[in-house]
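Values below: all heavy atoms of this structure, side chains included; hydrogens, waters and symmetry mates excluded.
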Amino acid sequence: MRHREIDLIADLLTNLRPASSLEWGAGNGTQYFTQHLSPQARWLSVEHDERWAAAVAEQIDNPNVTVVCRAPNSEPAPGIYTSGTYTAENDGTYEDFRDYIEYPSDHGPFDFVMVDGRARSHCVLKAAELLAEDGLVLLHDANRTYYHESLPDFASHAFFLDHRSGAGGIWIGTNSRRPLSDFLDVDFYGRLWNHYARIGRVVNV
């Protein structure tokens, strides 16, 4: 993640103050972002790679943060970072990652869901079922336009996109009756991301 993505997510969590959060795709952000929660808040991170899940779990010193591994149900196409290409197919199908996608179903509802792993389109659809009344779902790497075709029809949503086509970018959706501006300075981040979209075509930032 670029700093502008990290800052946006941290700002969102600070304002939202979720009591229960879900993350598909554990990583370095698992430790960092959970520092922006209240001491009693729960965070569940679901990862598909056993070795990576164990490595992330070793970094966690918060007893309310849980990292679990749910391996693929079938051997998926090579991941985008392995194959070097970015397509809907190599993100993984629902059947490839059924247990990974469905695991959080018995642990919701969630005030915040971050989708940043495999089978992201399917995870976003599942997230729509698991959100609390004022819950938000965030999709990382929303610059990949093939994700846009399957995004749920939320009451309100916002894109924060830049010049990169294969990575980066954020999409946020909610069915809350409260506007997104209650949780995030949408205008500020919109201007910031438009700025990076313009200069990024000349300088890779």
Does the structure place the NZ or CZ of R4 under 6.0 Å from the centre of the six-membered ring of Y189, at an angle of no more than 45° from the ring's axis? no
Taking the side chain as every heavy atom from C-beta outward, state whether L130 and P109 have any atom pair closer than 4.5 Å. no
Mind checking the CG-OG spacing from N175 to S156? Nearest 0.5 Å is all I need. 8.0 Å
With a 3.5 Å distance limit and no angle check, can you tell me whether D91 reaches the backbone of R118 through a side-chain donor-acceptor pair? no
Hey, is the main chain of G135 close enough, under 3.5 Å, to the side chain of T174 for a donor-acceptor pair? yes
Would you say the side chain of R98 lies within less than 4.5 Å of the side chain of H122, judging by non-hydrogen atoms? no
For Q59, look at atom CD and say whether over 12 heavy atoms of other residues, nucleotides or ligands are found less than 6.0 Å away. yes
State, with a plain yes or no, whether a side-chain heavy atom of S105 is found less than 4.5 Å away from one of K126. yes
Are Y196 and H163 close enough that their ring centres sit under 6.0 Å apart? no
Are the side chains of I9 and L13 in touch, meaning some heavy atoms are under 4.5 Å apart? yes
Salt bridge present between D49 and R51 (N-O < 4.0 angstrom): no
Closest non-hydrogen atoms of A19 and D111, given as atom of the first, atom of the second and distance, are N-OD2, 2.9 Å
Check: Y146 ring centroid to H148 ring centroid under 6.0 Å: no
Taking CD in E102 as the centre, count heavy atoms belonging to other residues, nucleotides or ligands within less than 6.0 Å. Is the count above 12? yes
Are E133 and S176 close enough that a side-chain donor and a side-chain acceptor fall under 3.5 Å? no
On a heavy-atom basis, the closest approach of I170 and A142 is C-CB, 3.7 Å
Given 3.5 Å as the limit, does a donor-acceptor pair link the side chain of D182 with the main chain of R178, or not? no
Are D96 and T93 packed together at the side-chain level, in the sense that at least one heavy-atom pair is separated by less than 4.5 angstrom? yes
With a 4.5 Å limit on heavy-atom distance, are the side chains of E5 and F160 in contact? no
Note, L22 side chain near W43 side chain (heavy atom, < 4.5 Å): no
Summary of side-chain hydrogen bond (donor to acceptor under 3.5 Å, both in side chains) pairs that have at least one residue in residues 33-42, sequence neighbours excluded: S20-R42
Pick one: which of Y147, W193, F154 meets ring-ring contact (aromatic ring centres under 6.0 Å, His included) with W171? F154
Looking at W24 and Y100, would you say the former's side chain and the latter's main chain have a donor-acceptor pair under 3.5 Å? yes
Which heavy-atom pair separates V113 from F110 by the least distance, and what is that distance? CG2-CB, 3.9 Å
Write down the atom of N143, the atom of A167, and the distance for their closest heavy-atom approach. ND2-O, 2.8 Å
Provide the closest heavy-atom pair for D162 versus A197 in the form atom of the first, atom of the second, distance. CA-CB, 3.8 Å
Between A41 and P18, the two heavy atoms sitting closest are CB-O, 3.4 Å
d(L180 CG, D185 CG) to nearest 0.5 Å is 11.5 Å
Taking the side chain as everything from C-beta on, heavy atoms only, tell me whether N73 gets closer than 4.5 Å to E95. no
Using modelled atom types and a 3.5 Å cut-off, is there a donor and acceptor pairing between side-chain atoms of R70 and backbone atoms of D99? no
Let's go through I172 and L184 carefully: what are the C-alpha distance in whole Å and the side-chain angles of both, what is the deciding distance for side-chain contact (heavy atoms from CB on, under 4.5 Å) to 0.1 Å, and is it a yes or a no? CA-CA 10 Å; I172 302 170; L184 188 73; 3.8 Å; yes
Strictly distance-based, threshold 3.5 Å: is any side-chain N or O of E47 a donor or acceptor partner for the main-chain N or O of C69? no
Just one of V115, L125, L151 clears the side chain to side chain contact (heavy atoms under 4.5 Å, CB included) bar with V137, so which one? V115
Taking the side chain from D116 and the backbone from A26, do they hold a donor-acceptor pair closer than 3.5 Å? no
